[in-house]
Amino acid sequence: MSSNTKSIGVAFEDQDIIGANFVQVDQTLGFTSLGQSAVTQATSKATGVATATPVSIITLNAASLGATTTAQFTLTNPRIKVGDQILVSHSSAGTAGAYNVWANTVANGSCAIQVRNITAGALLEAIVLTVSILSSS
């Protein structure tokens with residue numbers, strides 16, 4: 001019998017994690033493809049997008065982003081709540097290492113995503129971002 005189970009007669013019940021201070025994960029923790037959605041910006045890198053899943057794959061518009069310039073757009077998602085951690089990464093397409101990406105202005109139902117070209121020249125790339133919501137509640 002594992003230390004994470006308790007006997008309930010002839011069977012065992014898994015560890016109750018409700019109210020636990022931490023949960024130990026021995027394998028990968030994440031979302032299946034059912035927890036992901038994909039969306040493409042319509043007209044510019046400032047055009048907002050909407051999704052409704054914990055993980056969003058966002059293909060940005062290929063409009064030019066000037067050297068050392070930041071573009072901002074709004075991600076609308078009903079799963080986002082004040083206090084959540086929004087993780088953003090440049091996951092594919094475009095020049096690796098040419099962008100800084102982050103989230104801020106987290107509100108109930110939305111957040112702002114910032115994309116900064118950190119190179120010395122303009123870039124015209126439809127980069128792909130992966131945005132994950134880590135709920136605080």
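The analysis underlying the following values was restricted to heavy atoms, covering all of them including side chains, and did not include hydrogens, waters or symmetry mates. Note that the numbering runs from 1 along the sequence shown for the chain.
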Under a 4.5 Å side-chain heavy-atom rule over Ile, Leu, Val, Met, Phe, Trp and Tyr, are [X] and [Y] clustered together?
X	Y	answer
Val101	Val39	yes
Phe73	Trp102	no
Leu123	Ile118	no

Tell me the closest heavy-atom pair linking [X] and [Y], and the distance in Å.
X	Y	value
Thr43	Thr47	OG1-OG1, 2.8 Å
Val82	Ala107	CG2-CA, 3.8 Å
Ser44	Ala63	CA-CB, 4.4 Å
Leu65	Thr70	CD1-C, 4.3 Å
Asn117	Gly66	ND2-O, 3.1 Å

Distance in Å, Thr53 OG1 paired with Arg79 CZ, rounded so as to fall on 0.5 Å steps: 7.0 Å

[Y] backbone acceptor or donor facing [X] side chain under 3.5 Å:
X	Y	answer
Ser56	Ile58	no
Lys45	Ala71	no
Gln41	Asn61	yes
Thr69	Ala67	yes
Lys81	Gly109	no
Asn100	Arg116	no
Ser91	Val128	yes

Checking Thr95 against Glu125: is there a side-chain donor and acceptor pair closer than 3.5 Å? yes

Side-chain H-bond candidate by donor/acceptor type, Asn77 with Thr51, under 3.5 Å: yes

Test side chain to side chain contact (heavy atoms under 4.5 Å, CB included) on Val49 and Thr76 and set out the steps. CA-CA 6 Å; Val49 297; Thr76 302; over 6 Å; no

Report yes if some heavy atom in the side chain of Asn108 is under 4.5 Å from a heavy atom in the side chain of Ile80; otherwise report no. no

Walk me through whether Ile86 and Ile133 qualify under side chain to side chain contact (heavy atoms under 4.5 Å, CB included). CA-CA 5 Å; Ile86 311 299; Ile133 303 167; 4.1 Å; yes

Around atom CD of Gln85, are there more than 12 heavy atoms from other residues, nucleotides or ligands closer than 6.0 Å? no

Test log, rule side chain to side chain contact (heavy atoms under 4.5 Å, CB included), inputs Ile113 and Val88: CA-CA 8 Å; Ile113 305 290; Val88 184; 3.7 Å; yes

Any chance you could lay out the side chain to side chain contact (heavy atoms under 4.5 Å, CB included) test for Leu75 and Val131, step after step, and finish with the verdict? CA-CA 9 Å; Leu75 169 61; Val131 180; 3.8 Å; yes

